[in-house]
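Notes for the one structure printed next.
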Amino acid sequence: MQQIKRLPAIDGQLGWFESVPFKRPMPIQQAEADEYFDIIIVGAGFSGLATADRLAQLRPEARIAILDAMEVGQGASGRNAGFIIDLPHNVDPTEPDTQATTQIRDLNKFAIQRLDRIQKQQGLDVCWHQAGKYLAAHEEKHFSNLADFVDTLECMREPYEIYSGDELAKRLGTHYYKRAIYTPGNILVNPAALAISVASALPDNVTLLENTPVREIDFANKTIQTPKARLSADSIVLATNAFTEKFGVSSNRITPIFTYASLTRPLTDEEMSQCKDLSLKDIEPWGLTSAHPAGTTVRLTADKRIFIRNTLNYQPNLSSPQAVLDKVTAKHRKSYLARFPHLPNVPFEYTWGGMICVTMNHEPVFKEHTAGVYVIAAMNGVGVAKGTYLGHYMAEYICGKDSPELEFILKNAAPSWVPPDPIRHIGAHIRLSYEEHMAKGEV
């Protein structure tokens, strides 16, 4: 019996969750009594939800449960930057060949199509915009990373546009960035709203149990102890990402990294028109990632909020003290003012922390841990798309449904070894500090 001593916690004010533009359509249920299910999935993020949905399609007779320690949309899936990226991302590894890169692109696009179908079917406003994405650089020394990205796009025959100078400033409402590569297929969303929408679409044979943390788990007997109930199953799926090690699984394979985001209040019409050559009033929603992986991610949302995300910390306790959040808020303010000096009086309404789960070689955990116990983890910073397709194909793996896509995933799901703490802690701190130093003006 494995005791779970670290549970998910809310870090700061969860901006996306608090600003979901619709009333949640389904009630919140908790595990109240002992019960048996054919399959229990731990974790109601995008990977857990996708696993449940596909399992319910393949096994309509099965009783399936999803457990989560919090509400849907409050975990890591609802705290990210809200990009559903179609192309291999700059935090993923450099792929050895065009065929592998193209396969990842096709899997990402499959995930986007699946999520698009669900959000249209449910009719909830998840702030879905096919806005594309800018990969942008402030400093000339990072232009080479943009050129490398163009080479990848050329190999995949993907469309792109290059913007610089005043032309780029007019599209973004800021003169901060000197050059950017724009690709059209990226989707921007409120990720918490999207997670709730996906959860609301779960088939009738799936039971969603929220605010139901796992206190103990017995993999041999497939039993889970929650605060009020003991649940049993034939199979268990851990879709617990950065918390997977706390279940005694994938030790020395994954590293939890905290990153932080702030979201302003909506800009007023006067503020949007305050600087004539940089008016934000008629600019469509946009999203931008940095030419350096440690740089700042920025968004202009549909309701005219500005989103800032940066700072990477190794947090083995899987939570952030308030002092860290206060320090991060000040750092976000500096990044915001560097980009929008003409809007100095717009305050942040929310600041929060969230985890990404990375591996040394950027490959995910996707395996059968022991008989009847399956694991998905380590989306390496691109969790909306990757979590969705990994969950879909985990269900097919469990049901013995072979495909070239599943074969590709299994072949590449081999995360390399990382040393245990304190060596991991020291190494992560040195690496993250170095990357932020190298990013400099991109932060």
Could I get the full list of salt bridge (Lys or Arg N to Asp or Glu O under 4.0 Å) partners for [X], not counting sequence neighbours?
X: Asp326; result: none
X: Arg105; result: Glu158
X: Asp86; result: none

Can you tell if the side chain of [X] reaches within under 4.5 Å of the side chain of [Y], non-hydrogen atoms only?
X: Trp417; Y: Arg253; answer: yes
X: Pro404; Y: Gln103; answer: no
X: Thr388; Y: Val198; answer: no
X: Glu349; Y: Arg305; answer: yes
X: His342; Y: Phe340; answer: yes
X: Thr212; Y: Lys228; answer: no
X: Pro285; Y: Arg299; answer: no
X: His369; Y: Leu238; answer: no

Going by ring-ring contact (aromatic ring centres under 6.0 Å, His included), name the pairs with one or both residues in residues 134-159, residues two or more places apart or in two chains.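 Those involving residues 134-159 are Tyr134-Tyr182, His138-Tyr176, His142-His292.
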
Test: ring-ring contact (aromatic ring centres under 6.0 Å, His included). Region: residues 233-253. Which pairs qualify, not counting sequence neighbours? none

Enter the distance from [X]:[atom1] to [Y]:[atom2] here, rounded to the nearest 0.5 Å.
X: Ser250; Y: Ile376; atom1: OG; atom2: CD1; value: 11.5 Å
X: Leu300; Y: Glu284; atom1: CG; atom2: CD; value: 9.5 Å
X: Thr240; Y: Ile217; atom1: OG1; atom2: CD1; value: 8.5 Å
X: Met394; Y: Ile409; atom1: CE; atom2: CD1; value: 9.0 Å
X: Tyr260; Y: Arg79; atom1: OH; atom2: CZ; value: 10.5 Å
X: Gln225; Y: Ser232; atom1: CD; atom2: OG; value: 11.0 Å

Between Leu263 and Trp16, does a side-chain contact (heavy atoms from CB on, under 4.5 Å) hold up when you go through it step by step? CA-CA 9 Å; Leu263 192 64; Trp16 296 130; 4.2 Å; yes

Worked verdict on Tyr393 versus Arg54 for side-chain hydrogen bond (donor to acceptor under 3.5 Å, both in side chains): CA-CA 8 Å; Tyr393 285 104; Arg54 185 59 175 153; over 6 Å; no

Can you confirm whether Gln322 is buried at CD, in the sense that more than 12 heavy atoms of other residues, nucleotides or ligands lie under 6.0 Å from that atom? yes

Minimal non-hydrogen separation, [X] against [Y], with atom names:
X: Met355; Y: Ala242; value: SD-CB, 3.7 Å
X: Leu7; Y: Ile4; value: CD2-CG2, 4.1 Å
X: Val443; Y: Ala294; value: CG2-O, 3.6 Å
X: Leu124; Y: Ser197; value: CD1-CA, 3.9 Å
X: Ala439; Y: Glu139; value: O-OE1, 3.7 Å
X: Leu280; Y: Gly173; value: CD2-CA, 3.7 Å

Between [X] (side chain) and [Y] (backbone), is there a donor-acceptor pair under 3.5 Å?
X: Asn380; Y: Thr359; result: yes
X: Glu368; Y: Gly372; result: yes
X: Thr370; Y: Val373; result: no

Under the side chain to side chain donor-acceptor pair (under 3.5 Å) test, residues paired with [X] that sit two or more places apart:
X: Tyr163; value: Glu161, Arg171
X: Thr174; value: none
X: Asp116; value: Gln119, Lys120
X: His175; value: Asp277

Decide yes or no on side-chain contact (heavy atoms from CB on, under 4.5 Å) for Leu172 and Ile283, but give the supporting numbers first. CA-CA 7 Å; Leu172 301 179; Ile283 293 179; over 6 Å; no

Identify all side-chain donor-acceptor contacts of residues 64-74 below 3.5 Å with residues at least two apart in sequence or on another chain.
residue: Asp68; atom: OD1; partner: Met70; partner atom: N; Å: 2.9
residue: Asp68; atom: OD2; partner: Ala44; partner atom: N; Å: 2.8
residue: Gln74; atom: OE1; partner: Glu71; partner atom: N; Å: 3.0

Cationic N near anionic O, under 4.0 Å, Asp106 to Lys109: no

How would you list all residue pairs meeting salt bridge (Lys or Arg N to Asp or Glu O under 4.0 Å) that involve residues 434-443, not counting sequence neighbours?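 Found Lys331-Glu436, Arg431-Glu435.
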
Check against side-chain hydrogen bond (donor to acceptor under 3.5 Å, both in side chains), Thr51 and Tyr374: CA-CA 11 Å; Thr51 303; Tyr374 303 87; over 6 Å; no

Does the Lys NZ or Arg CZ of Arg114 fall within the cation-pi geometry relative to Tyr389 - under 6.0 Å from the ring centre and within 45° of the axis?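 Cation-pi check for Arg114 and Tyr389: fails.
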
Applying side-chain contact (heavy atoms from CB on, under 4.5 Å) to Phe83 and Val384, what does each step give before you reach the verdict? CA-CA 7 Å; Phe83 290 68; Val384 183; over 6 Å; no

Which residues share a ring-ring contact (aromatic ring centres under 6.0 Å, His included) with Phe366, sequence neighbours left out: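 Testing Phe366 for ring-ring contact (aromatic ring centres under 6.0 Å, His included), a comparison that skips the adjacent residues, returns Tyr397.
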
Give the C-alpha distance, both sets of side-chain angles, the deciding distance and a yes or no for side-chain contact (heavy atoms from CB on, under 4.5 Å) between Tyr350 and Phe17. CA-CA 10 Å; Tyr350 308 102; Phe17 185 81; over 6 Å; no

